[in-house]
There are 2 protein chains.
Amino acid sequence: MIYIAGMDDHTDQTRKPRADAVRNRERVLEAAKAVFNAGGPEASLEAVAKRAGVGIGTLYRHFPTREDLFEAVYRREVEQLSELAEQLKNAKDPVDALRRWLRSGVEFVATKKGMVAALALAVQSGSELYAFSFERLTKAIGSLLDRAAAAGAMRADISPEDLLRAFFGMCYMHDQPGWQSSVLRMLDVFVDGLRVQPAGKTKARAAKPAKPAVKRKR
Amino acid sequence: MIYIAGMDDHTDQTRKPRADAVRNRERVLEAAKAVFNAGGPEASLEAVAKRAGVGIGTLYRHFPTREDLFEAVYRREVEQLSELAEQLKNAKDPVDALRRWLRSGVEFVATKKGMVAALALAVQSGSELYAFSFERLTKAIGSLLDRAAAAGAMRADISPEDLLRAFFGMCYMHDQPGWQSSVLRMLDVFVDGLRVQPAGKTKARAAKPAKPAVKRKR
DNA sequence: TTGTTAAGCGGAGGGAGCCTCCGTATCTTC
DNA sequence: GAAGATACGGAGGCTCCCTCCGCTTAACAA
C-alpha cells in the first residue's frame, strides 16, 4: 500500500503502512527536491533514486510517473504562495496588495529554481499538478484582483487567468543574469497598466519602481 | 566540406561543394522544421534523419549539436520578425507601432509552434542562436521603443531587453486554449502601463482592446 | 516470541534516443 | 577514366527510461 499524506486514517480494514515504505517515500521526496532544483525538471530519475539511497524500482512504485513526483514535491510550495494572497487581503491599498503578491512570487521563484520549469513542463503535458496549481493560484490572484476592481482602482476586464499566465511567463525567462530586477520592473509597468487612472490626475505613474530607473543602453 | 548558406563564394582554393551534400543539408533542414514544429524541440533527431531520408551520421555531420539544427531552422524566422520592426518605423503613432509589432509577434508565434519552445530551450542552454535572436529582436524593439520615448509618449526607463523578456514569457504559455487572445489582452495592458499619460487627460486607456472586454468569471 | 503473509525492496533487462567512428560509396577534378 | 577528396550510412557504445519479478522485511496474530 502506498502511503498518502493526509490519509492516515487507516481505521478501516487496511493495514498500518510499513515503516520502511514511509521512510523511503520521504527520502525520495527530499532527494527529488534537491535534484530538480539543481538540475531542472529533466534531471535523471535514477540520480534521484541513487541520492535517496533506494532502488529505481522503489522510486517508481511510489511515483509511477515523473509528473507524480513533481506533484508531490511542488504542491506544498504552491500552497504557500496561495496563502500569502489570503494574508494580503487585509492590506489597505488593494492595488498595492496585488503588486506585493506579484513581487513575492518573483522572490519565491528565485529561491526555488526548479519550480517554474517544472510548472512549465506540467503545462505542456496537461498534468494534474498543473490543474491544481493553476486553480489554486488563479483563486489567489482572483481575490486580490476582485478587491481592487471593486474599489474602482483597477480595470475589470482582465481575468486572473490572464494575469497568472503573464506572470509565469515573465518568470520563466529566469535563467539570464539580471532577470529578477527585470521582472520586477515589468511587473510595475504591468500593474500601472491595470490601474484605472483617477480622473484629473496628471502624474503618469502612481507607484515607485522597484529599483531606481536604469539608464537605457540603446 | 560543409556548405554554409551565404558563403558560396568558393573562389579561393576551396573545392566546389558536393551536390549530394548540399541536397542532403536542405532535406534535413526541411525535415527538422516539420518535426520540430509538430513535436516540439525535444523531438527525436533520428526521426528527423529518417524523415529526411538520410542516415543519422549525415545529420550529425551537418549539424553537430541539436542547437546547431535549431539555429539553422529558426534564424530566418527571427529575421522576418526583425524586418517588420523596420517597416513599422514609418508609422505615425510610435506607441501604436510598438503595439502592432507585439501583436504581429503573437501571430507569428501562433503559426510557428516550435519556435518559442526552441528559443526557450536556447535561453537555457545559452546557445549562439539565443544570442543572435536576442540581439536581433532587442534591436528591433529598441528602435520602436526609442522612437516612442523620444516623442515623449512613453516612459524611458524600460529597456528593450526587459520588454522582450516579458513578451516572450507571455507567449511561452501558448499551449493552453485561448492563449492568443489572453496574450493580446495582456499586451494591451502592458502598453498602457508603458504610456506616459498626457497631462490633464482623464481617460484610463488610450487604445481599444484587441477584443471586446470579456466578462470576468470569478 | 515466533510464524505467517502481505507489502515493499532492488536491480536486471529490454527499449529508445544520443552521438561517434570508420569502412564504403560517390562526387569533383584533372 | 583515374585519383583523391568528400560525404554517406549505420553499427555500436552509452545513458536514461520504465517494467517485472524473486527476495526481504515489517506488521499482525497467536
note = In this structure, CD of A:Glu79 is separated from CZ of A:Phe132 (nearest 0.5 Å) by 4.0 Å
task = In whole angstrom, give the distance that lies between atom NZ of A:Lys16 and atom C1' of D:dA29.
result = 15 Å
ask   = Is the phosphate of C:dC18, meaning OP1 or OP2, less than 4.0 Å from a side-chain N or O of B:Ser44?
value = yes
task = Can you run down the salt bridge (charged side-chain N to carboxylate O under 4.0 Å, His left out) pairs that involve residues 30-40 of chain A, sequence neighbours left out, and say none if there aren't any?
result = A:Lys33-A:Glu77
Where do N or O atoms of nucleotides 1-6 of chain C meet protein N or O atoms at under 3.5 Å, pair by pair?
none

key: Reported CD1-to-OG distance for the pair A:Ile158 and B:Ser182, which is rounded to 0.5 angstrom   = 8.0 Å
key: All side chain to side chain donor-acceptor pair (under 3.5 Å) counterparts of A:Arg100, not counting sequence neighbours   = A:Asp96
inquiry  = Could you work out, with side chain to side chain donor-acceptor pair (under 3.5 Å) as the rule, every residue matching A:Thr65, not counting sequence neighbours?
reply    = A:Asp68
ask   = Which whole-number value in Å describes the distance from B:Lys50 NZ to C:dA16 C1'?
value = 11 Å
query = Do A:Val189 and B:Arg155 have side-chain heavy atoms sitting under 4.5 Å apart?
reply = yes
request  = Could you state the atom-to-atom distance from CZ of B:Arg25 to C1' of D:dC8 in whole Å?
outcome  = 16 Å
ask   = D:dC8 P sits how many Å from B:Arg27 CZ, rounded?
value = 10 Å
inquiry  = Closest-nucleotide mapping onto DNA chain C: is B:Ala47 or B:Ala19 further toward the 5' terminus? I mean the 5' end.
reply    = B:Ala47
ask   = Rounded to the nearest Å, what distance is computed from the CG atom of residue B:Leu59 to the C1' atom of nucleotide D:dG9?
value = 12 Å
inquiry  = According to salt bridge (charged side-chain N to carboxylate O under 4.0 Å, His left out), who are the partners of A:Arg147, at least two apart in sequence or on a separate chain?
reply    = none
query = How long is the line joining CG of A:Asp20 and C1' of C:dG10, in whole Å?
reply = 12 Å
query = Is the side chain of A:Arg185 donor-acceptor paired with the backbone N or O of B:Ser159 at a distance under 3.5 Å, no angle test?
reply = no
Gap between atoms CD and P, on B:Glu67 and C:dC18 respectively (whole Å) = 12 Å
Between CG on residue A:Asn24 and OG1 on residue A:Thr58, distance to nearest 0.5 Å = 6.0 Å
query = Nearest-Å distance, CG (A:Asn24) to C1' (D:dT24)?
reply = 13 Å
Scan nucleotides 19-22 of chain C against the protein and return all N/O pairs shorter than 3.5 Å with their distances rounded to 0.1 Å.
unit_1: C:dC19; atom_1: OP2; unit_2: B:Tyr60; atom_2: OH; d: 2.6
unit_1: C:dC19; atom_1: N4; unit_2: B:Glu46; atom_2: OE2; d: 3.4

